[in-house]
Amino acid sequence: MNEDNKRLKVGITIGDTNGIGVEVVMKAIGVPEMMDLCIPVIYGSTKVVSYHRNACNLPGFQINHTKSAQNLKDNMPNLVECFDQDIKIELGQPSKQAGLASFLSLEAAVRDLKSGLIDVLVTAPISKDNIQSEQFQFTGHTEYLESAAGDGNKALMILCASNLRIALATTHLPLSQVPTALSIEGIREKLRMLDSSLKRDFEISCPRIAVLSLNPHCGENGMLGNEERDIIIPAIQQTVDEDKVQCFGPYAADGFFGARHYRRFDGVLAMYHDQGLAPFKTIAMNEGVNFTAGLPIVRTSPDHGTGYDIAGQGLADESSMRHAIYMAIDVCRHRLHYDEAHQNPLPKLFQDRGRDNVKLDLTKGEQP
């Protein structure tokens with residue numbers, strides 16, 4: 001079986017056990033067509049999955065229980081038991097126990113991903129507050145994965161849906177810290193990473209990237225802020241001139257999204273979290289996917305949160321989780337294609353002779 005036809009092993013974390021994560025996972029993978037695409041591997045516990053299956057009235061969901069991802073069945077979803085703690089489930093209620101369960105699920109899945117027992121990772125939503133502990137001192141999945149599986153590479157958060165892809169120059173920061181976190185080199189680095197991801201992960205050969213401003217009306221020549229003049233515009237110019245990345249802007253975010261100018265670009269770089277995510281979720285809430293670019297692993301996630309208000313009621317929409325699984329599979333295969341196409345570049349067939357006005361003596365075998 002070639003790589004294109006191989007069914008990938010998709011590791012899926014359960015997220016916060018008091019939220020909708022387990023529900024959307026079961027709904028997304030509990031359909032026959034999913035088994036034609038991949039081998040789903042949930043990381044959690046029998047008790048947690050059974051509790052949510054009963055609460056959400058999903059009696060038809062069947063799963064293979066195993067202690068290790070080395071013993072998977074390829075004809076049904078699998079559950080790797082990754083914690084023995086008696087986790088108390090309190091639907092809709094934040095708790096440290098739920099945070100611990102979400103961390104143990106994530107830790108086990110990342111360990112198996114790094115060892116090659118699964119091919120890609122899809123994460124259900126966590127509570128960034130409840131998961132905090134001595135083992136997890138990060139502001140989210142992105143930062144944890146950069147540390148745990150990045151091998152020194154930096155991560156870039158990209159929100160994706162159809163042809164809309166929004167990356168973030170800063171991620172989980174208080175709004176008051178965003179201006180001081182921006183720098184010319186920092187923005188250039190994000191633009192290079194976005195350009196590289198669009199080529200390798202999404203098979204776009206010559207990406208066009210839009211860059212958003214930080215301040216209203218692009219700062220109005222300094223009246224509403226100097227970041228555009230001092231940081232963002234120089235970053236765009238240097239990225240175009242020195243890094244040969246096709247990026248344009250800055251564009252005021254309100255008009256950019258209001259006029260749907262994002263349709264003209266392959267990617268968008270927003271300056272801060274809500275500047276990118278608020279319009280993204282308005283446009284593509286049910287199909288949106290959070291993709292972590294820049295790392296040697298493939299990780300995706302639905303673009304919604306824990307959904308405490310509807311947890312255990314069977315009301316959660318699994319569309320975003322299903323799209324996250326699809327995208328993880330697609331990105332993994334795109335990378336295989338890209339790397340195969342670029343691993344043996346053609347040798348240079350001629351010698352650059354310098355200036356155009358240099359005359360070659362063809363009688364001596366010199367080639368143009």
**OP:** For the pair T239 (side chain) and R188 (backbone), establish whether a donor and an acceptor sit closer than 3.5 Å, ignoring hydrogens and angles.
**Re:** no

**OP:** Check whether any side-chain heavy atom of N215 lies under 4.5 Å from a side-chain heavy atom of S213, and answer yes or no.
**Re:** no

Original post:
Do other residues, nucleotides or ligands put more than 12 heavy atoms under 6.0 Å from the CG atom of N221?
Top reply: no

Subject >> Side chains of C247 and V240 in contact at under 4.5 Å (non-hydrogen atoms) >> reply: yes

Original post:
Under 3.5 Å, is there a donor-acceptor pair between the side chain of D195 and the main chain of L191?
Top reply: no

Original post:
Any idea which heavy atoms bring I118 and A109 closest together, and the distance?
Top reply: CD1-O, 3.5 Å

**OP:** Could you tell me whether R264 atom CZ has more than 12 heavy atoms of other residues or ligands within 6.0 Å of it?
**Re:** no

Subject >> Minimum side-chain heavy-atom gap Y272-L175 below 4.5 Å >> reply: yes

Subject >> side chain to side chain contact (heavy atoms under 4.5 Å, CB included) between C160 and M327, intermediate numbers included >> reply: CA-CA 9 Å; C160 311; M327 180 171 289; 3.3 Å; yes

Subject >> Linked, directly or transitively: F248 and L198 (ILVMFWY side chains, under 4.5 Å) >> reply: no

Original post:
Given the rule that I, L, V, M, F, W and Y join up when any side-chain heavy atoms are under 4.5 Å apart, are M26 and I29 in one cluster?
Top reply: yes

Subject >> Gap separating the CZ atom of R165 from the CG atom of L159, nearest 0.5 angstrom >> reply: 12.5 Å

Subject >> Where G15 and S102 come nearest, the two heavy atoms and their spacing >> reply: O-CB, 3.3 Å

Original post:
Rounded to the nearest 0.5 Å, how far does CD1 of I12 lie from OG of S301?
Top reply: 11.0 Å

Subject >> N163, CG atom: more than 12 neighbouring heavy atoms under 6.0 Å >> reply: no

Subject >> Main-chain N/O of R192 paired with S196 side-chain donor or acceptor, under 3.5 Å >> reply: no

Original post:
Do any N or O atoms from the side chain of N18 and from the backbone of P94 form a donor-acceptor pair under 3.5 angstrom?
Top reply: no

Original post:
Do V31 and F61 belong to the same hydrophobic cluster, where Ile, Leu, Val, Met, Phe, Trp and Tyr are linked whenever their side-chain heavy atoms lie under 4.5 Å apart, directly or via other members?
Top reply: yes

Subject >> Main-chain N/O of T17 paired with H52 side-chain donor or acceptor, under 3.5 Å >> reply: yes

Original post:
Around atom NZ of K96, are there more than 12 heavy atoms of other residues, nucleotides or ligands at under 6.0 Å?
Top reply: yes

Original post:
Do I87 and S45 have side chains that get closer than 4.5 Å, going by heavy atoms?
Top reply: no

**OP:** Please lay out, stage by stage, how K128 and T139 fare under the test side chain to side chain contact (heavy atoms under 4.5 Å, CB included).
**Re:** CA-CA 6 Å; K128 295 175 178 59; T139 53; 5.7 Å; no

Original post:
Can you hop from L224 to L214 via hydrophobic side chains spaced under 4.5 Å?
Top reply: no

Subject >> Value rounded to 0.5 Å, distance of CG in D16 from CD1 in I126 >> reply: 8.5 Å

Original post:
Once you round to the nearest 0.5 Å, how far does CE of M35 lie from NZ of K73?
Top reply: 11.0 Å

Subject >> Side-chain touch V268/F280, heavy atoms, less than 4.5 angstrom >> reply: no

**OP:** Might you point out which heavy atoms bring P234 and I184 nearest each other, and give the distance in Å?
**Re:** CB-CD1, 3.8 Å

Subject >> Minimum heavy-atom distance I232-L212, with the two atoms named >> reply: CD1-O, 4.1 Å

**OP:** Say whether N64 and N78, considering side chains only, have a donor N or O and an acceptor N or O under 3.5 Å apart.
**Re:** yes

Original post:
Can you find a heavy atom in the side chain of I166 that is under 4.5 Å from one in the side chain of F257?
Top reply: yes

Subject >> Flag, side chain of E228 to backbone of I233, donor-acceptor distance under 3.5 Å >> reply: no

Subject >> Atom of I63, atom of P77 and distance for their closest heavy-atom approach >> reply: CG1-O, 3.3 Å

Original post:
Tell me, do M271 and V211 make a side-chain contact under 4.5 Å, heavy atoms counted?
Top reply: yes

**OP:** Could you pull out the closest heavy-atom pair between I14 and I42, with the gap in Å?
**Re:** CG2-CG2, 3.6 Å

Original post:
Is V25 reachable from V48 through a run of I, L, V, M, F, W or Y residues, each pair having side-chain heavy atoms under 4.5 Å apart?
Top reply: yes

Subject >> Modelled atom types, side-chain donor and acceptor of H65 and T46, under 3.5 Å >> reply: yes

Original post:
Has the side chain of D303 got a donor or acceptor atom that lies under 3.5 Å from a matching backbone atom of N290?
Top reply: no

Original post:
Salt bridge between D339 and R200, side-chain N to carboxylate O under 4.0 Å?
Top reply: yes

**OP:** Using modelled atom types only, decide if a donor and an acceptor are shared between the side chain of E143 and the backbone of F138 within a distance under 3.5 Å.
**Re:** no

**OP:** Using a 4.5 Å cut-off on heavy atoms from C-beta on, say whether the side chain of R335 contacts that of D201.
**Re:** yes

Original post:
Aromatic ring centroids of H342 and Y338 under 6.0 Å?
Top reply: yes

**OP:** Show the numbers, then the answer: is there a side-chain hydrogen bond (donor to acceptor under 3.5 Å, both in side chains) between Q135 and S133?
**Re:** CA-CA 5 Å; Q135 294 85 10; S133 66; 3.1 Å; yes

**OP:** Determine whether more than 12 heavy atoms belonging to other residues, nucleotides or ligands lie under 6.0 Å from atom NZ of K9.
**Re:** no

Original post:
How many angstroms lie between OG1 in T142 and CE in M157, if you round to the nearest 0.5 Å?
Top reply: 3.5 Å

Original post:
Distance-only, no hydrogens or angles: does the S68 side chain make a donor-acceptor pair with backbone N or O of N71 under 3.5 Å?
Top reply: no

**OP:** Verify, without hydrogens or angle tests, whether T300 (side chain) and V122 (backbone) share a donor-acceptor contact under 3.5 angstrom.
**Re:** no

**OP:** Can you label the angle between the F136 ring and the F103 ring as parallel, tilted or perpendicular, going by 30° and 60°?
**Re:** perpendicular

**OP:** Decide side chain to side chain contact (heavy atoms under 4.5 Å, CB included) for M34 and R322; before the verdict, give the C-alpha distance in whole Å, the side-chain angles of both, and the deciding distance to 0.1 Å.
**Re:** CA-CA 9 Å; M34 188 60 72; R322 185 174 291 118; 3.9 Å; yes

Original post:
Out of curiosity, E185 CD to Q238 CD, how far, rounded to the nearest 0.5 Å?
Top reply: 8.0 Å

